[in-house]
Each structure stands twice: as structure tokens, then as C-alpha cells.
Amino acid sequence: MPFKILEKSQIVPTIHQIIIEAPKIARKARAGQFVILRIDESGERIPLTIADFDGENGTITIIFQEMGKTTKQLSKLQAGDSLLDFVGPLGNPSEIEQVGTVVCVGGGVGVAPIFPIARAHKEAGNRVLTIIGSRNTDLLLWEDKVRDVSDELYITTDDGSKGHHGFVTDILKQLLEGDEQISLVIAIGPPIMMRTVAGVTHPFGVKTMVSLNSIMVDGTGMCGSCRVLVGGETKFACVDGPEFNAHEVDFTLLMNRLMMYRTEEQLAEEKYECDREGCQC
Amino acid sequence: MPVLDRQHMPRQDPEKRRKNFEEVALGYSGEQAKKEASRCIQCKKPACIAGCPVEINIPAFIKCIDEDDMEGAVKELKSMNALPAICGRVCPQESQCEAVCVLGKKGEPVAIGRLERYTADWELGTKPIPEEKPEPTGKRVAVVGSGPASLTTAAELAKLGHSVTIFEALHKAGGVLVYGIPEFRLPKSIVLNEVKYVERLGVSIQYNSVVGKLDTLDELLEEFNAVFLGTGAGLPRFMDIDGENLSGVYSANEFLTRVNLMKAYQFPDYDTPIKRGQRVVVVGGGNVAMDSARCAVRLGAEEVTIIYRRGEEEMPARNEEIENAKEEGIKFKILSNPTRILGDESNWVKHIECLNMELCEPDESGRCRPEPKLGTEHLIDVDVVVIAIGTSPNPLIPMTSKGLKTTKWGTIVADENGITSKNGVFAGGDVVTGSATVISAMGAGKIAAKAINNFLNN
Ligand SMILES: Cc1cc2nc3c(=O)[nH]c(=O)nc-3n(C[C@H](O)[C@H](O)[C@H](O)COP(=O)(O)OP(=O)(O)OC[C@H]3O[C@@H](n4cnc5c(N)ncnc54)[C@H](O)[C@@H]3O)c2cc1C
Ligand SMILES: Cc1cc2nc3c(=O)[nH]c(=O)nc-3n(C[C@H](O)[C@H](O)[C@H](O)COP(=O)(O)OP(=O)(O)OC[C@H]3O[C@@H](n4cnc5c(N)ncnc54)[C@H](O)[C@@H]3O)c2cc1C
Ligand code: SF4
Ligand code: FES
């Protein structure tokens, strides 16, 4: 039962959006959850956050960045093509309550998964301040969508080509030092960014959640591949998370484990490029 | 006295098989099967049947082989066991039917398992024997999971005319049979064939469906007249020692899933990677440990060591697999227990520290508790560690449904008929017993199918 791609678009050169027909998952999905997909018989199972879902039309939107073999292969698919497997919704939904003011922080491709969370907080009656950042303007995605669900939107770029010249954490720090009482910070982005966010909010004692992107296989708690250390305890990101209290996460361990297959990943990518270009190596 | 010696099972040469994932045991030839079948003395009160958890009429199917009636042998087998090609390969016959065969008292028992495998494989080589289609009852049953417990329940219920849908979290059916047990012990084509047989009986399988996430148990109960839970015991246990989360330290489930389900042994033709260690340590003494160690050898490791805290006698793995592992050059370090794992500067596992153990007098349970010998700590160089010390049931379903009782070990509470604390919900296999065997899971599936049928008819 393959899963059909209804729409495919390139957002920025290395980031793509795909809308998939998956009515059952779309009806169940909540902000903060993810799917696992497999393109074809020899493919790897890769997790991607549900960036948007539409229960009525029965669709799931994912946004992904080209990292290696599988995401590159995925970027070549077009509307009308199908995925072999599409499992979800996995992981726990974000906890959404009326708490006052919430700051949502999205870095790089993390802007997409922060969108449904910001929307849900807004719908729950919270004041939502959103900070999104990327290396430069060209890599900035979903600005309008995020603005629509935020009371205030701040933009940062590393090179200063748009918004604040600097990092998302610069703005976050300003907000925390300001007059407004902030009840919750939630951040999604590269592990380094999430670790920095945790460092910034810690002295202010503000509850901070991050969504961890550890390497996964089944996504149901069966393999233990996704284990992360939170508050000194081993947790499985796929079933205990993916969101955890940022102040308790061992980011060094997360980053080390993300490097586990670097040699193999390079080999797979080289082979993929070779096969595509038909070279004889 | 037996007329002939037990027929030897041809196997791939150890030197050759260390380098491939093809099946190790090659199966009897027709001539061997007949010779072996003729050893059975057709006891009036056959002990073997009672030794079989699904009560196959063993002398009857063996007699068919002896009389060249292979179709009859298949029918006899399949009337009691829907997955004979699997059982013929992985059942611990030496502790079940063969353990009580009368010939075993003086010599060697009839090779019941090998004959079972021969019969099932014979059918695979022919056109499937058509099944009679029962009258549909209009009753609908949801079966969660597609391991041996679920496949058996589904097959039995379909034979009774109920409409059965299996919900499987993964993209392939078979449970541990496809993600855990390696190709060289149980070819995946064999599992697929038996899954197809269950489908031919009318069972439909929905893959990529995680119950508790996509549908909850309560939602299934609205749509179906009854639900069977055969979700196994897939949650890996760790030892809670330092260094367990270092890169290169695997749970057996992850290691085996990457290799078997995701075909990492064919990387990069298949995309899923696995670390091919040179010095691999596997902790544990069961089938899972043997399978992990034998996979590591085939992935090219120079040295593979199994670390087990009791003695070899106490190892829960099947004798045949311990013997196979030894032939393949795997080292056994018994009476040894890991105390911590150490990594290098990039956090990759480098050493494992072990402590020698000694067995004291058996306690009231009859088991010897291993005691550490103080001061015997020593380091072993490693680059991959696989932890195979057991699993427990996944809490996903009990967590997301009301009124389903579980024990403190996480297993689902069910009576001897598979009836749980929740009306209309039945369970069997590893999710009830904790990690056990394929045949006990199938036995539980059969009993639960009877209970479900009673429930549906009342
Ligand atoms: C819960 C979760 C949600 C995610 N959501 C998104 C998302 O919305 N958009 C997005 O672009 N990316 C997301 N990721 C990361 C995404 O899964 C990886 O980028 C992808 O698996 C890379 O695969 P590859 O074959 O292209 O690259 P590879 O060359 O295989 O890997 C590149 C890097 O990706 C990571 N990675 C590799 N395999 C996996 C795996 N099986 N699981 C997780 N990480 C892996 C590793 O850090 C690796 O170094 C998410 C990860 C998780 C765990
Ligand atoms: C490596 C290994 C080697 C073994 N070797 C032997 C052997 O040689 N002989 C022997 O007799 N036994 C052996 N065993 C034990 C045997 O495989 C198990 O006892 C048996 O498979 C249990 O069957 P089951 O049907 O209860 O569950 P499983 O086989 O575990 O199947 C459970 C299925 O349920 C699915 N599932 C779980 N949760 C959900 C959910 N929420 N929604 C949907 N689906 C779900 C899983 O994906 C899985 O497919 C071995 C086990 C392992 C791990
Ligand atoms: S106990 Fe042994 S000899 Fe007797 S019927 Fe069974 S298999 Fe044959
Ligand atoms: S991905 Fe396997 S346990 Fe989380």
C-alpha cells in the first residue's frame, strides 16, 4: 500500500517540502509528532517531523534538508511518485496548555516543525513569540506561515542578510531580560543550537523543551538506537520523547551518537552519486 | 534398538559459512528423510505428541513420509501447525518432542524437527495444497502484531470463517522471525511463504500500523468484535553500567534489526548502515546472543567473544546453536560479567571491563546464583559491544488504553485461555509470558483463537 506524493516543492536549494496522502495519520497527528518513511525496498527508515497536517484533506506535510543518501533520493521524487512505507504519528505530542507567553525558537530546518507547535500554543490562547533563524536569507523558510500564528516574529541570520545579524539566542536573551513574563521556551534546530538555547534559559529558570533528533530505526521503542540521556537516565527519544526538558539533556552524548555512522553515510552517498551519474567506480 | 543411526543433517562448511548469510543447515535429502522416518517405531502411546506444545500427531506425519505420501504428511502437520517450515528450523526439539521420544532412552531420538522441516520444504517446492474456504461468520477480529502468536491466532480464526485483520508496526510480517532471527538460521523467504499461507486463508495485513499511536486499543474495539494482542517482548533491557550509551554499543534488537530486517549485511546495496567491528563482544547466553555473535562473524569481525555470567551448562541457547557458534570460531568467556564500558576520545567504545564469577550452591529455585570474585577486574579491547540480556514487553498499548492489567514486569495479565482483564481483548505469546519460544507463542495463539471463537459465538 504505497503512499502517494501529492505535491513536491523546493523551498530553498537544499530544503524541500512534500505533501503526502495519508488520511489515517493526518486525522491522528498532533503538533510535535513525527513519521518514519522508507522510499523503496532497499531504503533506510528515516524519521521526519510532521511539519503540517490536514485531517480533512488527509495530508501530511514534511520538510527536509538534504543530508545524505536518503534525503537526496527523497529530493528527487515528484508529485505522483509514491513512498513504500510511511509510519506514524510517532512520538508524544507537544504538551499544549494555556500558560501565558510562550517563546518558540526554530533554527534552520527546525523552523518547519516549530510551526505546528506555535500554532497549537496560539490556539490554546497563549501569547506566542517566535524566533526563527538561518545562516542567510536564502535558507529562511516558512516565514509567512510562522508569522500568521505568532503574536510577534523575530528573524535572525548568521550573515545579517535579513533581520537581526546574529543568532536566535541573542533575541531569546533579550526577551528573557525584558519585562514580559515568559512561561515556556521551546526550541527545535541543530543540537548545537538547542544546547545554546538551554544554556541561555537556564539562569532564568524558564521551563525549556527541545525536540531531539537522535538516530532511529523502528521508532516504536524496540531497538534502543535512539537512546538519549536525560536527567541522568537513559530514555528512548522515539517513545519517551522526542521532546525533553532541555536543562536535563546530555547534548554531548546526543551529538556523539549522531556521528556514529559518518564513514558509512559518506560511502552510501558516494555510491548513490556514482549510480546516478553512471560512473564505473 | 533403533534400526539405524539418526541421520546426520548436512550443513554448510564452517569456513565457508562464516563469510555468508546463507542457511547453515541444508536439510535432508528424500532418501535421508525416508531412512529417518523409518526409525520411528510408531508407539501405541506416543510420548512425543505430549512433548509438542501444539500436539502435532508426530507418528502419523512421520508414517506418511515413510509411505511416500508427502501430501498426507503436509496435511497432517498443517492441521495442527500453520508454520511448520519455521518450527522445523527454530524449535528447541531437544527439550520438547525429541526429549521424550522413546528411542532417546537407549540411543538417539527420532529427528522430529528435521522431518518437520523436510515435509514443510517439500510443500514449498510444489504448488500449495488448496485450502477449503469456510462460511463467513460476519464477525471481525483485529490481531495486533504479526509474530508467531499472532499469525497462528489469525490463521485459526480465519479457518473458522471470521474476518481477520492484522495490524503490524513494521513494514514486514513475522515479528522476531524477520527482525531477530538471522537469514542463515531462518531464511526470510520461508517466513514470507508462511505469511502468504496465512493470507491465502483470507487474513489481511496492514503494515506500518502502530497500535497505541495510529489506532488505540479502544478504537479497535469499536470497529472489531474482538482484539488479540500478540505484540511480543521487544523492549531491550540494558545493564545499567557506565558507558552503555557509548557509540558502538548496541542492544541485540538494534544490531539484529539492522542486519536482518534492514539487510545491513548488504550495505551499501541496502541503505541501512551497521558498524562492522573487528573485535566484538556479545553479552548474554541465549539464542539472541548466539545470533548476534554469528552475525558479527559474518560481518567480518576478527574476534567475537560471548560473555556469560554463568557456566556453559546454564546457557539458555539451543545446543545446536552453541555448537554452530563454536564451529564458526566464536570464543566463549563464561563466568564473566561486565562491570563498565570505556570509550576513546571520540566516545567510541574501546574496552569492556569484566569481573570473573563463580557458581555457588544452587538456591531453593534450583538455580546457582553467580557470585563475583572480587579483585578480578580486567579489560578487554573491543570496538563493538552487543547487549543481549533480555527484553520485556513494550508498554505502548497498556499505556494508551484503559483497564488492561499488566504485571510489574510489564507483561499483560491473561488467564490460561488468553483472556485479559479487558472485555473482548485477548493476548498471548511473549507479551504474556515474557521472552519464550516460537512454539509456545504459537501454542498460546491457538488457545486464544479457541477462546475468541467462544466469545464471538456467545
Ligand atoms: C524525531 C526526528 C525528527 C526529524 N525531523 C526532521 C525534519 O523535519 N526535517 C529534516 O530535515 N530532518 C529531520 N530529522 C533528521 C533526519 O531524520 C535525518 O536528516 C535523516 O535521517 C538523514 O538521512 P540521510 O540518509 O539523508 O543522511 P545520512 O548521511 O544517513 O545522515 C546524515 C546525518 O543525519 C543523521 N541521521 C542519519 N540517519 C538517521 C536516522 N535514521 N534517524 C535520525 N537521524 C539520522 C545523522 O546525524 C547523520 O550524521 C529528524 C530526526 C528525528 C530523530
Ligand atoms: C534473536 C532471537 C532469536 C530467537 N531464537 C529462537 C529460536 O531459535 N527458537 C525459538 O523457539 N525461539 C526463539 N526466539 C524467541 C521467539 O522468537 C519468540 O519467543 C517469539 O517470536 C514470540 O512470538 P510473539 O508472536 O509473541 O511476538 P514477536 O515475534 O515478538 O512479534 C511481535 C510483533 O508485534 C509487533 N508489534 C509490537 N507492538 C506493536 C504495536 N503496538 N502495534 C502493532 N504491532 C506491534 C512487532 O513489530 C512484532 O512484529 C528468539 C528470539 C530472538 C529475539
Ligand atoms: S516417541 Fe519417538 S518413536 Fe515413538 S512415535 Fe514419537 S517419534 Fe516415533
Ligand atoms: S528508534 Fe528504536 S527504540 Fe527508538
Side-chain angles (χ1 to χ4, degrees), chain A residues 1 3 22 24-25 27-28 33 35-46 68-70 73 84-92 215 217-229 234 236 239 250 252-253 255-265 267-272, chain B residues 169-172 176 179-180 205-216 219 231-238 240 244-258 261-264 266-276 343 346-348 387 391 393-396 399:
Chain A
M1 192 187 41
F3 294 83
K24 230 177 144 178
I25 303 177
R27 275 202 302 276
K28 274 287 164 123
Q33 291 186 291
V35 290
I36 283 186
L37 63 81
R38 195 169 69 124
I39 300 175
D40 55 27
E41 190 45 47
S42 59
E44 187 173 4
R45 293 167 66 98
I46 65 157
K69 152 98 210 259
T70 307
Q73 192 187 355
L84 187 56
D85 299 299
F86 200 66
V87 200
L90 298 170
N92 300 309
I215 295 183
V217 183
D218 60 305
T220 67
M222 179 269 276
C223 73
S225 163
C226 64
R227 54 197 199 271
V228 288
L229 207 57
T234 297
F236 290 180
V239 288
D250 183 338
T252 313
L253 180 80
M255 290 188 264
N256 278 326
R257 286 187 63 91
L258 281 170
M259 301 285 279
M260 238 172 112
Y261 295 107
R262 220 182 21 181
T263 331
E264 288 78 9
E265 283 153 4
L267 184 68
E269 198 179 334
E270 278 162 24
K271 180 172 182 296
Y272 174 64
Chain B
L170 296 169
H171 55 262
K172 288 225 164 72
V176 170
Y179 79 69
I205 307 181
Q206 299 209 358
Y207 295 95
N208 300 317
S209 304
V210 185
V211 173
K213 287 287 170 189
L214 192 57
D215 298 285
T216 60
E219 284 164 337
T231 46
L235 189 75
R237 237 181 263 150
F238 290 93
D240 269 333
E244 243 175 333
N245 292 326
L246 288 168
S247 300
V249 181
Y250 286 98
S251 77
N253 268 6
E254 180 185 357
F255 190 75
L256 292 168
T257 301
R258 284 181 181 270
L261 180 72
M262 303 312 294
K263 306 244 176 299
Q266 295 184 46
F267 180 86
D269 288 337
Y270 279 74
D271 294 342
T272 306
I274 185 125
K275 202 66 201 178
R276 290 175 180 248
S346 64
N347 237 36
W348 197 278
I387 299 176
T391 54
N394 191 319
L396 204 54
M399 243 164 47

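Sequence lines set the chain letters: A, B, ... in the order given, protein chains first and strands last, and positions in each chain run from 1. This structure is a prediction, so every number in the text was calculated from the model and none was measured.
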Flag if over 12 foreign heavy atoms under 6.0 Å of CE, Met399(B): yes
Starting at OG of Ser209(B), measure out to CD1 of Ile25(A) and round the result to the nearest 0.5 Å. 8.5 Å
Counting heavy-atom pairs closer than 4.5 Å to chain B, which one of Glu264(A), Met222(A), Met259(A) comes out on top? Met222(A)
Could you look at Ile39(A) and say if it's the side chain, the backbone, both or neither that has a heavy atom under 4.5 Å from chain B? neither
Without swapping roles, check the side chain of Lys213(B) against the backbone of Gly88(A) for a donor-acceptor pair under 3.5 Å. no
Counting heavy-atom pairs under 4.5 Å with chain A, the top scorer among Pro273(B), Gly234(B), Pro395(B) is Pro273(B)
What part of Thr263(A) is in contact with chain B, defined as an atom under 4.5 angstrom from a non-hydrogen atom: side chain, backbone, both or neither? side chain
In terms of heavy-atom contacts, Tyr261(A) and Glu254(B) come closest through OH-OE2, 3.7 Å
So which part of Thr231(B) gets closer than 4.5 Å to some heavy atom of chain A, the side chain, the backbone, both or neither? neither
Measuring from Arg262(A):CZ to Ser247(B):OG, what's the distance to the nearest 0.5 Å? 11.0 Å
Would a 4.5 Å heavy-atom cut-off, applied to side chains only, mark Leu253(A) and Asn347(B) as touching? yes
For Glu41(A) and Lys172(B), the nearest pair of non-hydrogen atoms, with its separation, is OE2-NZ, 3.1 Å
Inter-residue atom distance Asn208(B).CG - Leu37(A).CG, 0.5 Å rounding: 10.0 Å
Side chain to side chain donor-acceptor pair (under 3.5 Å) involving Thr70(A) - partner list, sequence neighbours excluded: none
Greatest number of heavy atom pairs closer than 4.5 Å to chain B - which of Thr234(A), Val239(A), Thr252(A), Asp40(A): Thr234(A)
Does Asp269(B) pair with Lys271(A) as a salt bridge, N-O distance under 4.0 Å? yes
Identify which part of Ile274(B) has an atom lying under 4.5 Å from any heavy atom of chain A, answering side chain, backbone, both or neither. backbone
Cut-off 4.5 Å, heavy atoms of chain A, and the answer for Thr391(B) is neither
Contacting region of Arg45(A) [heavy-atom separation from chain B under 4.5 Å]: both
Heavy-atom distance under 4.5 Å to chain B: side chain of Leu267(A), backbone, both or neither? side chain
Chain A contacts, top residue of Leu256(B), Asp271(B), Thr272(B), Asn253(B) (heavy-atom pairs, under 4.5 Å): Asp271(B)
Among Leu396(B), Leu246(B), Val249(B), residue most engaged with chain A (heavy-atom pairs, under 4.5 Å): Val249(B)
Where does Asn394(B) contact chain A at under 4.5 Å (heavy atoms): side chain, backbone, both or neither? side chain
Any residue meeting side chain to side chain contact (heavy atoms under 4.5 Å, CB included) with Pro393(B), in chain and number order, not counting sequence neighbours: Ala233(B), Thr411(B), Val431(B)
Which bit of Tyr179(B) is near chain A, if near means a heavy-atom gap under 4.5 Å: side chain, backbone, both or neither? side chain
OG/Ser42(A) to CD/Gln266(B) distance, rounded to the nearest 0.5 angstrom? 9.5 Å
Do you know which of Ala268(A), Pro89(A), Gly68(A) has the most heavy-atom pairs under 4.5 Å to chain B? Pro89(A)
Part of Leu229(A) within contact of chain B (heavy atom distance under 4.5 Å): side chain
CH2 (Trp348(B)) and CE (Met260(A)) are apart, to the nearest 0.5 Å, by 4.5 Å
Taking side chain as everything from C-beta outward and backbone as N, CA, C, O, which of these in Lys263(B) sits under 4.5 Å from a heavy atom of chain A? Side chain, backbone, both or neither. neither
Does a donor on one side chain and an acceptor on the other come within less than 3.5 Å for Asp218(A) and Thr257(B)? no
So if I apply the salt bridge (charged side-chain N to carboxylate O under 4.0 Å, His left out) rule between Glu219(B) and each of Lys24(A), Arg27(A), Lys28(A), which one comes out positive? Lys28(A)
Measure the shortest side-chain to side-chain distance between Ser225(A) and Arg258(B) over non-hydrogen atoms and say whether it is less than 4.5 angstrom. yes
Okay, Gln73(A) and chain B: the region with an atom under 4.5 Å from a heavy atom over there is side chain
Closest contact, heavy atoms only, Pro236(B) versus Gly221(A): CD-O, 3.7 Å
Charged N to carboxylate O below 4.0 Å: is that the case for Glu244(B) and Arg257(A)? no
Chain A contacts, top residue of Val210(B), Asn245(B), Leu170(B) (heavy-atom pairs, under 4.5 Å): Asn245(B)
Should the pair Phe236(A) and Phe238(B) be assigned to parallel (<30°), tilted (30 to 60°) or perpendicular (>60°) ring geometry? perpendicular
